[in-house]
Structures are given as structure tokens and as C-alpha cells.
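This report refers to the structure that appears directly beneath it.
Both backbone and side-chain heavy atoms feed into the values below; hydrogens, waters and symmetry mates do not.
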There are 2 protein chains.
Amino acid sequence: MDAEAIKLSLEESGLRCTSQRYAVMAFLLEHNQHPTAAEIFAAVNRLDPRSSRATTYNNLRDLVQAGLVREVAAEGRAARFDAKGMRHHHFICDGCGSVEDIEWYDVPKPGSRSLGKRILRECELIFRGRCTRCAPRHDPRKAF
Amino acid sequence: MDAEAIKLSLEESGLRCTSQRYAVMAFLLEHNQHPTAAEIFAAVNRLDPRSSRATTYNNLRDLVQAGLVREVAAEGRAARFDAKGMRHHHFICDGCGSVEDIEWYDVPKPGSRSLGKRILRECELIFRGRCTRCAPRHDPRKAF
DNA sequence: TATCAGATTAGATATAATCTAATTTTTCAT
DNA sequence: ATGAAAAATTAGATTATATCTAATCTGATA
């Protein structure tokens with residue numbers, strides 16, 4: 001996605017394309033490692049334009065509300081973010097906690113009986129196990 | 001699950017059945033609303049035996065490591081916990097953030113091509129939308 | 001150009017989780 | 001039973017993460 005397309009997608013969502021907001025969005029589009037807010041804050045401040053911590057959090061919140069960014073469901077304490085590009089599932093490593101993308105495929109919906117009166121918007125799969133780097137270690141508590 | 005069964009399951013996992021640890025486990029088994037650590041801490045301290053915050057966190061960590069409890073993947077800042085009884089999926093409400101159980105059903109695994117060298121342990125579905133209480137509100141930002 | 005809503009900022013505050021070091025409890029060999 | 005060692009608990013300090021506050025800045029537009 002080029003600069004102009006980012007600008008457009010922000011404005012279509014009713015958000016001004018400020019340089020700080022642009023920087024957050026562009027960083028998320030370039031990095032699909034599900035960075036935390038702190039990582040995004042650090043990355044954005046490595047170059048101009050600078051952005052305060054509050055602004056980084058504000059912009060992340062705005063982008064999530066606008067539907068351009070998603071907050072990834074994972075269990076660490078720091079929220080992780082993801083530009084909503086191609087749909088994908090997630091793989092969370094038991095060993096190192098990293099969150100990786102798994103190619104999207106459709107998932108059977110729950111029956112209307114178990115869904116009840118709830119309104120379903122989307123569903124996503126979370127896989128757990130050991131990532132490529134952590135796979136060889138059988139017990140993470142044993143260093144080697 | 002009765003008191004004796006809880007005691008046994010703790011001891012089978014190599015954990016002593018202390019009164020504080022028992023209280024955490026018993027509370028999780030009685031409440032499937034995915035309480036946060038703070039809620040568990042408060043609940044356990046409403047009755048005897050008392051438990052310090054550190055102990056509550058320690059015991060939650062031990063129970064998770066032992067595989068008796070799971071930390072739920074959700075995006076709030078406070079971790080939520082879940083006694084591993086019957087398997088189930090999760091429904092997270094866009095409106096109020098509550099996490100509800102959805103009856104378990106099997107899910108197709110990803111192809112070995114997209115899995116690569118990763119070792120898969122389990123998978124779980126996360127549904128999003130509006131829970132029964134929040135379903136009527138079409139736009140959460142508009143009060144009514 | 002004046003106005004005003006939206007955006008940004010530094011720093012204070014709030015919230016969640018973990019660490020520390022002292023103490024208590026339990027286990028177990030004797 | 002007794003004492004030593006291991007495990008668990010504790011209060012309070014500390015760290016990590018996120019949000020709030022109030023002042024200032026920016027840019028669109030009347």
C-alpha cells in the first residue's frame with residue numbers, strides 16, 4: 001500500500017492524515033509481526049516525525065475504532081496490533097510468546113443453538129504450540 | 001467437582017493442596033465467567049482463607065503451568081482465567097468485552113504447508129460480535 | 001485572518017503484574 | 001516427636017503498561 005493509498009484509507013474513515021497517525025499506520029502495514037504499542041512507539045520515534053506516547057496510543061485507538069487496525073487477542077500483558085490487510089489466523093508460541101500469521105481458511109460457524117441471540121461478526125482461529133525456533137526444545141524450563 | 005477431586009487433581013499435578021491454592025481452583029471451577037486475577041483475588045479474600053495478591057498470582061501461574069487452568073486469549077489489559085474443564089470456544093463481545101463460552105466442536109487444522117516446522121498443540125476459536133445484552137444496540141457509541 | 005474542532009504533547013496518574021526478603025508451613029529423615 | 005530442608009505465603013516495593021490532564025499546536029474553513 002503506497003503513501004497515497006494510506007492517506008485515502010485514513011480519510012475515508014473520517015481520520016485526518018496527520019504525520020504521526022500516518023507513521024503508525026505505515027509501520028503496521030510494513031511489519032506483520034504484531035508489534036506492541038511500545039514497539040510501535042519506539043519505531044515511530046526512530047525517525048521523524050516524532051510522536052509522544054499518548055499520541056501513539058490515541059492513534060492506535062482511533063485506527064482500531066475505524067476498523068483499519070485490529071488488536072490481536074493474545075495473552076501477554078502488552079496489547080499487540082495488526083493492520084487489517086489479508087485475513088489470517090494466529091499461531092501463539094508456548095515457548096517465546098511470539099504471534100505469527102497462519103494463512104486464512106474458512107471456519108465452520110457454531111450452530112444457532114449455541115449462538116443464541118448473540119450477533120456474530122467474525123471468527124478467528126488461535127493455534128498454540130511451538131514456533132520454528134522453539135520447536136526443538138522439549139522443555140522450555142531446561143536451558144541448553 | 002467436589003473438594004476431594006480438586007485436592008486429587010492438584011496433587012496429581014505435583015502441587016500441594018494448600019488452602020489458598022485450593023480456593024483459587026475451586027473459585028475458577030464454580031465460575032465460568034473468565035474472571036480476571038483481580039476478581040479472583042477479591043473473591044478468595046471475601047471468605048477465609050485469606051490470600052495475598054502475590055500468592056494469588058503465584059497460584060494462578062502454577063495452575064496454568066500444571067495445565068489445570070488456562071489463560072484466556074482476549075484483548076483487554078487484565079489476564080482472564082478459565083478452569084480447564086470441558087473444552088469450549090470463546091465469544092468476545094464488541095460492546096462490553098465480556099467473554100462467554102461457546103460449545104466445543106472440532107475445527108479443521110491448517111495444512112502442513114502453512115504450518116511449516118511449527119508443532120501444533122491445540123487450537124481454539126474466537127468469535128466476535130455482540131452478546132445477548134449488547135445485541136440490540138446498533139452503534140455502541142450512541143447512548144440510548 | 002479569526003475561529004474552532006481535532007491533534008499533539010509532557011508529565012502525572014491509574015492499573016496490572018512481578019519481585020524481594022522475611023516468615024510460616026509442610027515434609028520427611030531420623 | 002525433632003530438626004532440617006523445601007515449599008508456600010506474605011506485605012510492600014517495584015516494574016510494566018495504559019490512560020488522563022491541561023496546555024498548546026495545526027489546519028480547515030467561514
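Rounded to a whole Å, the CD atom of B:Gln65 is 14 Å from the C1' atom of C:dT18. Rounded to whole Å, atom P of C:dT25 lies 17 Å from atom CG of B:Asn58. For B:Arg53 and D:dA11, the CZ to P distance is 10 Å, given to the nearest whole Å. One can place CG of B:Leu10 at 15 Å from C1' of C:dT26, the figure rounded to the nearest angstrom. The CD-P distance, from B:Glu11 to D:dA7, rounds to 15 Å in whole Å. Across the protein-nucleic acid pair, B:Glu39 atom CD and C:dA17 atom C1' stand 15 Å apart, rounded to whole Å. For the pair A:Asp62 CG and C:dA7 P, the computed distance is 7 Å after rounding to whole Å. Regarding A:Leu60, its CG atom lies at a distance of 15 Å from the P atom of D:dT17, rounded to whole Å.
The side chain of B:Arg16 sits closest to D:dA6 out of D:dA6, C:dC19, C:dA16. Closest to the side chain of A:Arg21, from the set C:dT8, D:dA18, D:dA8, is C:dT8. Of the candidate nucleotides D:dA11, C:dA10, D:dA18, D:dA11 has the atom lying nearest to any side-chain atom of B:Ser52. Side-chain atoms of A:Tyr57 lie closest to D:dT19 of the nucleotides D:dA11, C:dA16, D:dT19.
Each of B:Glu12, B:Lys84, B:Met25 was scored for a side chain to side chain contact (heavy atoms under 4.5 Å, CB included) with B:Leu68, with one residue passing: B:Met25. Among the candidates B:Asn59, B:Leu60, B:Thr55, the single residue satisfying the side chain to side chain contact (heavy atoms under 4.5 Å, CB included) test with B:Arg21 is B:Asn59.
Of the two residues contacting DNA chain D, namely B:Gly14 and B:Arg77, the nearest-nucleotide position lying further toward the 5' end is that of B:Gly14. Sequence order on DNA chain C of the closest nucleotides to B:Thr36 and A:Leu15 puts A:Leu15 first from the 5' end.
Using a 4.0 Å heavy-atom cutoff across all strands shown, A:Ala79 reaches sugar-phosphate atoms only and no base atom. Using a 4.0 Å heavy-atom cutoff across all strands shown, A:Ala54 reaches at least one base atom of the nucleic acid.
Around CZ of A:Arg121, the count of heavy atoms belonging to other residues, nucleotides or ligands within 6.0 Å exceeds 12.
Within the 3.5 Å criterion, the main-chain N or O of A:Val99 finds a donor-acceptor partner in the side chain of A:His34.
Remark: B:Arg70 engages B:Glu122 in a salt bridge, criterion side-chain N to carboxylate O under 4.0 Å.
Regarding contacts with the backbone of D:dT9, a side-chain N or O of B:Thr18 is found under 4.0 angstrom from either OP1 or OP2. Look at B:Gln20 and you won't find any side-chain N or O under 4.0 angstrom from OP1 or OP2 of C:dT25.
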